[in-house]
Each structure stands twice: as C-alpha cells, then as structure tokens.
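These notes are about the structure you will find just below.
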Amino acid sequence: MGHTATQQAGSGGLKATEHRLANGLRVVLSEDHLTPVAAVCLWYDVGSRHEVKGRTGLAHLFEHLMFQGSSQVTGNGHFELVQGAGGSLNGTTSFERTNYFETMPAHQVELALWLEADRMGSLLTALDEESLENQRDVVKNERRQRYDNVPYGTAFEKLVAMAYPEGHPYHHTPIGSMADLDAASLEDAREFFRTYYAPNNAVLSIVGDIDPEQTLAWVEKYFGSIPSHDGKRPPRDGTLPEVIGGQLREVVEEEVPARALMAAYRLPHDGTRESDAADLALTVLGGGESSRLHNRLVRRDRTAVAAGFGLLRLSGAPSLGWLDVKTSGGVEVPAIEAAVDEELTRFAEEGPTPQEMERAQAQIEREWLDRLATVGGRADELCRYAVLFGDPQLALTAVERVLDITPEEVRAVAAARLRPDNRAVLVYEPVQGAEDAAGTADEAAETDAEGEAAQ
C-alpha cells in the first residue's frame, strides 16, 4: 500500500486513523456506521495567501476550473455523475486552503474517489482557453452579484485591506480583483495546477459508513500512481504586531438601506488557547440575541436593528474579529460607537459573568458537536487540522479545549485586543436612492472568505 497508519484516537466515541501513500498523499479515515452515507473531502494547501500581486483571485478561479472536466470526465460530468448517484458536492476557497467535497450513499464512495483522483491526476489534459474563459466570466459575474452590486458588499474586502497592510499575504480577499482576473492566462492556470494540485500538497479524508481496508485499497488504486511535485513555494510570512497601533477609519457613502458601523480587530492566531478565548469573548459580546451588544443596542437602546461580533479564524496571520452593527432609523454612528466602546471597556475590566461563560461555552460546544455529527462536517474538520496544524486528531478534541478556557483568559484577550487602537473601522452613510437597496454584508463576507463553486 505504501502507507503508514497512526494510532487511533478519539473523543466522544469518534475515532480517526491517518495513512500516507508513497507519493505523499495523507489519508484520514473515520468509520461511522450510524447512517449509510459517507463523505469524501480533499483539502489542497493553497489559498489566496499563496497568490502574488497582479494575480489575485487565481486560487478561487482555479477552484471553478476543477469542475470543468478532466481526462475522462468532460464538461459538467463531475456534477452529473455525483448527483446522478444520489450525492451532493461543491468546493470552496479561503485565504489558507481550497477544498472539494462529496457526500455520497455509502456504496458510491468509490465513484467519488475516482472522480477526485481523475482531476488531480489529469486536469491539465482538459484545461484549455475555452474552459478558462468560461469560468473567468463566471467568477467575474459572481463578484458583481455578491460584492460590487449589493449593499455593504465590499465591506469585508475593505476591512481586510485595512487590517492587513499592503504587501501582506492576507491583504486581498479570495475573490480577487477584476483586473487580475482579466490578466490571468492559460499558462498561469497550468502553472498554478502543477505547483499546488499535487498529492503531497493535499489531505484526503473519508468519513462515514466505510470499510477502511477496502477504502484504502481504492485510494491506492486511484491516487497511488499520481506523481508528487516538489516545486511548491511556501506562503509569505504573515507575521504582524498583535495590535494595529492606531485606529484606521474610512467613511463609505453608498446606496445602503441604513447607516452601519463595521470594524475588524486583529486577534490571536487560530490553534492557540488565546484564539479559543477570543472566540468565547466575541460570543458573549455579539454571538446571538442573548449577547451583550444585542441586548444593549437592539433591545435596550433600540439604536440598532442588528448587532453581531464574529471570529474569522486564521492560522498564518492574526485572526479577524468582525463587528457589524446596522443602525435603527435616524440614529447616528457616533452614538452606536460610543455604546460599543462602553461595553467593550466594561467587558475588558470585568470579564464574563459565570452565566455568560457557561452560555458561550455551551453555544460553541453545540456548534462543534453539530459539525462533527455530520460526515461532511467531520471530514472537513479532519482535513482542516491535518493541513493547518499537522494533526487531524486535534479536530476530535477541539471541544475539550474550548471548555478548558477560564473566564480570566477571556477577559485578558478582550483587554489586550478589543481596543480602539487595534481596529479598522468602516462607517456607512446612505446616499440618495438608498431606500430601494436591500441585502447585507454578511453573505459577502462569508463567501469572500470561503468562495463556493457554482454548477
């Protein structure tokens, strides 16, 4: 087989084993016979942080190209074969990785493995100018529909560019710019594939109602002959000071339905206790209708119609805390900002109450368990921890680490990071015609950080 297996480990009855093929492909299996389905998930260690100036958006563009046919599967065949077999599929791109995934009836796992191996091993034989132009237009239209032509659509892009300075690998978002999408050539795409779409730059996880021995035999059969590639360039260093060092601010006058205050804070790198503490802090402050900011701004003061605070976890650069408040009626942004700062200051001094701590930990625990309970969610997390942190087993103990965080750690990270001198701020002011606008920045932010392929 040309692989080695790690010792099994698990949490809450969940287990996973890791194997490695001779060509460097890492394989993670998690056997679960609860339902007759299985998920196949493939993470490539490439995202927008690997791109260079003038060629932004290439990782996301290539994600789309992976659905345009390979040696034995032409055109839209990947979608047709999976869906015809009763499965579902997609792909997404983020700053730090590109992933592809199928959830299949258990007896169709071999089909998903063959499809993924065929495009990993032979996509270049089918990649031509026609498919490049087709998907270039699809991605440009996606940018128009989700970012450029919707209210608040470019907020995430603007805040990222402010929080990560010019020249930083995270300065641009995965969607890329129109100019760079136009500039991408067929040879750029081919070189990108040769560099990053190799088995030794990927992790394959298969989770669900599987026979591990048979599944490994299929993996060896379909992936084992694909050659490795050693030309990958490591991502540029994403190190930054823990705090920005001064408040960055931009006022945006657009056709939006309401004034808005948005801000991005630099927070600890993913994979650290401090990052888990920050997640808990943002959950207490802005995670749902029981949070402090919702209670203060929406329920008590009635100065906002929505108030949220979420965490974009990043491992190769400081994570990003995303504050999003939409004002109510004619309320001015300075009143909102003063109330937010008052709540952040109080939290930095006092920390969470025991009730808030219990509720936040329960909320994050439920979200994690919900994700691990599905074969697709577990497959994705196993890949994530293998690619970003080197150990898929960490996915099975993530809940335990969150529950181990103390209230003092939560207070300390808030005091150190949720400060006016550590944020980039966007203030949206409506202009004429805004009353006809609709939509929010939430979808744009989510899909920009993790763009999905379309059929």
Side-chain angles (χ1 to χ4, degrees), residues 151-152 155-156 158-159 162 247-265 267 278-312 320-360 362-364 407 410-411 413-431 434-435 437-446:
Y152 317 109
F156 182 71
K158 292 177 185 294
L159 285 173
M162 295 166 72
Q247 182 173 250
L248 307 175
R249 196 175 191 88
E250 181 180 343
V251 177
V252 181
E253 295 183 352
E254 287 185 359
E255 292 188 8
V256 292
R259 293 187 179 93
L261 171 68
M262 300 184 190
Y265 294 77
L267 294 175
D279 201 355
L280 287 164
L282 299 192
T283 300
V284 172
L285 288 165
E289 295 184 0
S290 63
S291 66
R292 288 196 181 191
L293 291 178
H294 184 90
N295 280 326
R296 168 71 184 271
L297 299 172
V298 180
R299 288 183 175 173
R300 196 193 87 178
D301 296 352
R302 297 186 178 181
T303 54
V305 295
F309 215 163
L311 177 65
L312 173 62
L320 209 62
W322 169 274
L323 173 71
D324 186 352
V325 182
K326 305 297 193 311
T327 66
S328 175
V331 175
E332 301 282 345
V333 168
I336 293 285
E337 193 166 6
V340 168
D341 284 342
E342 183 180 316
E343 292 298 324
L344 295 185
T345 299
R346 184 162 65 91
F347 190 79
E349 294 172 351
E350 302 172 1
T353 66
Q355 294 81 8
E356 287 176 327
M357 189 72 180
E358 181 180 6
R359 186 166 56 243
Q363 184 173 332
I364 294 176
V410 175
R411 187 209 63 78
V413 76
R417 301 298 189 99
L418 300 182
R419 304 167 9 188
D421 65 345
N422 185 38
R423 69 184 177 200
V425 177
L426 281 184
V427 175
Y428 275 87
E429 290 288 345
V431 297
E435 63 271 11
T440 69
D442 300 335
E443 180 184 357
E446 181 178 349

Run the side chain to side chain contact (heavy atoms under 4.5 Å, CB included) check on Val413 and Leu280 step by step: do they pass? CA-CA 10 Å; Val413 76; Leu280 287 164; over 6 Å; no

Start with the C-alpha gap between Met162 and Leu426, add the side-chain angles, then the distance that decides, and say whether side chain to side chain contact (heavy atoms under 4.5 Å, CB included) holds. CA-CA 10 Å; Met162 295 166 72; Leu426 281 184; 4.2 Å; yes

Pair Leu261-Val425, side chain to side chain contact (heavy atoms under 4.5 Å, CB included): steps then yes or no: CA-CA 7 Å; Leu261 171 68; Val425 177; 3.6 Å; yes

Are Arg300 and Asn295 close enough, and set up right, to give a side chain to side chain contact (heavy atoms under 4.5 Å, CB included), and what steps lead you there? CA-CA 6 Å; Arg300 196 193 87 178; Asn295 280 326; over 6 Å; no

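Using a 4.5 Å heavy-atom cutoff, the side chains of Leu159 and Trp322 are in contact. Residues Leu293 and Leu323 meet the side-chain proximity criterion, which asks for heavy atoms closer than 4.5 Å. When side chains are defined from C-beta on, Val298 does not count as touching Glu289, because their heavy atoms never get closer than 4.5 Å. Side-chain contact check for Phe156 versus Leu312: some heavy-atom pair is nearer than 4.5 Å. Side-chain atoms of Leu282 and Leu267, non-hydrogen and from C-beta on, do get closer than 4.5 Å to each other. Annotation: side chain of Val284 is not in contact with side chain of Met357 (no heavy-atom distance under 4.5 Å). Proximity of Val325 to Thr303: side-chain heavy atoms (C-beta onward) are nowhere separated by under 4.5 Å. Within the 4.5 Å cutoff, side-chain heavy atoms of Leu285 are placed close to those of Leu418.
The ring-ring contact (aromatic ring centres under 6.0 Å, His included) analysis of residues 326-350, with sequence neighbours excluded, yields no pairs.
When atom types are taken as modelled, the side chain of Asn422 and the backbone of Tyr265 share no donor-acceptor pair closer than 3.5 angstrom. A donor-acceptor pair is defined here as one N or O able to donate and one able to accept, closer than 3.5 Å; no such pair exists between the side chain of Thr345 and the backbone of Glu342.
Taking both residues in full, the closest heavy atoms of Ala339 and Arg296 are given as CB-NH2, 3.7 Å, listed atom of the first, atom of the second, then distance. Of all non-hydrogen atoms in Ala260 and Tyr152, the two that sit nearest each other are CB-CE2, 3.8 Å. Closest non-hydrogen pair, Pro257 versus Pro151, comes out as CD-CB, 3.8 Å. Of all the heavy atoms in Pro430 and Ala258, the pair that sits closest is CG-C, 3.9 Å. Between Pro352 and Pro407 the shortest heavy-atom distance is CD-O, 3.7 Å.
From Glu356, atom CD reaches atom OG of Ser291 across 9.5 Å, with rounding to the nearest 0.5 Å. Rounded to the nearest 0.5 Å, atoms CG (Leu344) and CZ (Arg292) are 10.0 Å apart. Rounding to the nearest 0.5 Å places CZ of Arg423 at 11.5 Å from CZ of Arg419.
For CD of Glu253, the number of neighbouring non-hydrogen atoms (other residues, nucleotides, ligands) closer than 6.0 Å is 12 at most. Surrounding CD of Glu350 are more than 12 heavy atoms belonging to other residues, nucleotides or ligands, all under 6.0 Å away.
Residues passing the side-chain hydrogen bond (donor to acceptor under 3.5 Å, both in side chains) test with Tyr428: none are found, sequence neighbours excluded. Remark: Glu332 pairs with Arg259 by the salt bridge (charged side-chain N to carboxylate O under 4.0 Å, His left out) rule, at least two apart or across chains.
Salt-bridge formation is detected for the pair Arg346/Glu343: a Lys NZ or Arg NE/NH1/NH2 atom is positioned less than 4.0 Å from an Asp or Glu carboxylate oxygen.
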